[in-house]
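In what follows, chains carry the letters A, B, and so on, assigned in the order in which the sequence lines appear, proteins first and then strands, with residues in each chain numbered from 1.
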2 protein chains.
Amino acid sequence: MTLQDIAKQFNTSISTVSRSLNAPYHVKNSLRYKIKEYALEMGFMPNLVATNLRKKQTNIIGVIVPFISNNFYESFLACLDEICQKENYYMMVLQSLNDINKEWLNITMFKRLNVSALFICLANNSHNYSKMSALFASQFPVIYFDKVPNTNQVFKIESSDRIATELALNQLFKKRPRYIVGIFGNDNTSIVRNRLVSFYDFIKTKSLQGKGIQVNCEEDCKRQLQQLFFFNKDTPNAIFCMSDELLIWTMKFIQRSQLKYPKEVDIISLSNGIIPNYFFPEIEYVLTSGNEMASLCYAFFKDIKNDLVNKNGEARSIKPKYFKKNLR
Amino acid sequence: MTLQDIAKQFNTSISTVSRSLNAPYHVKNSLRYKIKEYALEMGFMPNLVATNLRKKQTNIIGVIVPFISNNFYESFLACLDEICQKENYYMMVLQSLNDINKEWLNITMFKRLNVSALFICLANNSHNYSKMSALFASQFPVIYFDKVPNTNQVFKIESSDRIATELALNQLFKKRPRYIVGIFGNDNTSIVRNRLVSFYDFIKTKSLQGKGIQVNCEEDCKRQLQQLFFFNKDTPNAIFCMSDELLIWTMKFIQRSQLKYPKEVDIISLSNGIIPNYFFPEIEYVLTSGNEMASLCYAFFKDIKNDLVNKNGEARSIKPKYFKKNLR
DNA sequence: ATGAAAGCGCTAACAG
DNA sequence: CTGTTAGCGCTTTCAT
């Protein structure tokens, strides 16, 4: 069923039908009502592909993340999805699997689909952003979030790694820890680097005993923690985990070693709030939720869109706030 | 940059350019090479929207799931994504949030986008499938998976709830349990019903003592388990969880109550294999992975697609196999 | 208030 | 092997 079909039904033209459905004020009321009713009754659904081709706009917001199945991105996507629905956009998600070739493939896909905007969290070591910025540039906004390029020439929303890390460490600090272990991923992303540096800065400022370890798998994590907890003179009594995944590995170690927390060892994590509640007692954490970042991305997008129209588009960066949870 | 632009560059027609790029055998080699090279160099990307309008085909496989952030769907999506990439399809995911209105919105969206196929796991209590089947019907295949309509008139891939449940219970049975608790969701889905019935059938057949409880939240789960474990004459010594979420709640109870497993209570779960490894010792489980279902969906789709061409399309249903993991 | 017509970028049937 | 042409379904300008 197309506009054509409806037009025939009323012995009128395609334009009139189109106008009845979209720009009501230009069609005689009586006719308009009849057309709308008929369209509704027949379940007419305008072909998006045709509309998009004509309008050169899709109302699709393309999102690229390394993995869909990650607590942080999940919360980001859930929130963005909700916003999009309210605002009459469609969210389309593709994952890069941290593969920069796949990332590029996804980018071109979105370009060819004429998406209205691209929100992207870069794959590790991605250098695609230079090509990409050129590609979309003046046509559609590209907003980088979470893992962002190291340049000021783009729109980006970074995670405030330093603030979140300090918030968590301060929480541990209140309970006068003797020796803090920081557990970090061992990939070379800005996130890991920032959190690691903030960790050591904090340790230094507070004149604490502390050690940051970088682990690449559960086994590695276990090995390093065993070393620290059972083969050292000084036993740590506080742990900071920079992510959910690391928290899981750490908790496996804790349970295996039958260490009591928070009594023998105090634990805090950066998290989007799901995993820490899988354990009893619940783990303290600083909420680094994707929700806020999604809201910021969308707000940023609307802002830029207007700017693009006014030709004032200019690189800017925003940082979200963080909150502590499950505190004792 | 469009075909037009390239055509001008070589003083030739749009068709020749199009053919050079898509149907090489119809263009003189020398010209073809030059055109392809030029297109590559200039980073030409054919407009998908135009192609789709013309071909009435999008190469997008639309997927609707209740939630993206669910271990089972994650594995399904990850696997399907991989397949799609290999086969030159794009996977587009929308979530219904178990809201049948949002589900319907998503369905119409996919319809209007002319997707090549729709894979859908129904929202709880959805009755949209009757309208939907009519909508897509002969045009595109609709494949229902996991939560499927209770009719034989559609293409569907069900989970083999009975087989998976029996596999898990048999594993418990080997260790001669005195009293098995089965923990089930309390939504009225076919999955819950099937697993619950299988549970009781098994208990009966083996003449075991057993009780199935249905819980709707962590608190409820705790309350009911406390009752069974601490306020009853007979204490259960084996637990069967029908899903990951229930396993998490159960483990919270176990840890809180300081029950030892597998010594004091043996635990097994149906799972897609992530959550059971969050605990130490790891929990035994029967793998109900989304991966296999994704493969089956895609294979089914290709099959139906050919059938549709041959006008032999006929409702069929397939069931996947399951495997046990983490066994002791 | 309405219709005719152009055209978004592409493919494919047809003619040569 | 190549160009011309029609048209996918829709929006929008320009007449009337």
May I have the distance from A/Ile6 (atom CD1) to D/dG9 (atom P), rounded to whole angstrom?
-> 13 Å
Stepwise side chain to side chain donor-acceptor pair (under 3.5 Å) check, A/Asn272 with A/Ser289 = CA-CA 5 Å; A/Asn272 87 323; A/Ser289 165; 5.8 Å; no
List the steps, then state whether side-chain contact (heavy atoms from CB on, under 4.5 Å) holds for B/Phe44 with B/Leu3.
-> CA-CA 9 Å; B/Phe44 168 70; B/Leu3 290 185; 3.7 Å; yes
Under the side chain to side chain donor-acceptor pair (under 3.5 Å) rule, what do B/Ser15 and B/Ser18 come out as? Steps first, then yes or no, please.
-> CA-CA 5 Å; B/Ser15 345; B/Ser18 172; over 6 Å; no
Distances under 3.5 Å only, N/O to N/O: pair up the protein atoms with those of nucleotides 12-16 of chain D.
from   : atom 1 : to      : atom 2 : distance (Å)
D/dT12 : O4'    : A/Arg54 : NH2    : 3.2

Considering all heavy atoms, the nearest B/Ile143-B/Cys297 contact | CD1-O, 3.5 Å
Yes or no on side chain to side chain donor-acceptor pair (under 3.5 Å) for B/Asn124 and B/Lys147, after CA distance, side-chain angles and deciding distance?
-> CA-CA 8 Å; B/Asn124 292 340; B/Lys147 295 198 206 144; 3.1 Å; yes
In whole Å, what is the span from the CD atom of A/Gln4 to the C1' atom of C/dG3?
-> 13 Å
Reckon B/Thr2 touches a base, only the sugar-phosphate, or nothing at all at heavy-atom distances under 4.0 Å?
-> sugar-phosphate
Give me the residues of residues 40-51 of chain B where at least one heavy atom lies under 4.0 Å from an atom of DNA chain C, by number, or none.
-> B/Phe44, B/Pro46, B/Asn47, B/Ala50, B/Thr51
Mind calculating the distance between CG (B/Leu113) and P (D/dG9) to the nearest angstrom?
-> 15 Å
Between CG of A/Asn52 and P of D/dC8 the distance, given in whole Å, is 18 Å
Indicate whether OP1 or OP2 belonging to D/dG9 is found under 4.0 Å from a side-chain N or O atom of B/Lys56.
-> yes
Just grab all the ring-ring contact (aromatic ring centres under 6.0 Å, His included) pairs involving residues 48-96 of chain B, residues at least two apart or on different chains.
-> B/Phe76-B/Phe145, B/Tyr89-B/Phe301
Take the protein atom CG of A/Leu3 and the nucleotide atom C1' of C/dT2, then report the distance between them rounded to whole Å.
-> 15 Å
What is the distance, rounded to the nearest whole Å, between atom CG of A/Asp5 and atom C1' of D/dC8?
-> 14 Å
Assess whether ring-ring contact (aromatic ring centres under 6.0 Å, His included) is satisfied between B/Tyr38 and B/Phe10, documenting all intermediate values.
-> CA-CA 10 Å; B/Tyr38 181 78; B/Phe10 290 91; 5.5 Å; yes
Start at the 5' end of DNA chain D and walk down; is the nucleotide closest to B/Leu31 or to B/Leu53 reached first?
-> B/Leu31
Can you tell me if the side-chain N/O atoms of B/Thr12 get under 4.0 Å from OP1 or OP2 in D/dG3?
-> yes
Between the main-chain N or O of B/Asn291 and the side-chain N or O of B/Ser295, is there a donor-acceptor pair closer than 3.5 Å?
-> yes
Over all heavy atoms of both residues, which pair between A/Lys102 and A/Ser96 is shortest? Give the atoms and the distance, please.
-> CB-O, 3.7 Å
Length of the CZ-C1' vector between B/Arg112 and D/dG9, whole Å | 12 Å
Would you mind reading off the distance between B/Ile35 atom CD1 and D/dT2 atom P, rounded to a whole angstrom?
-> 8 Å
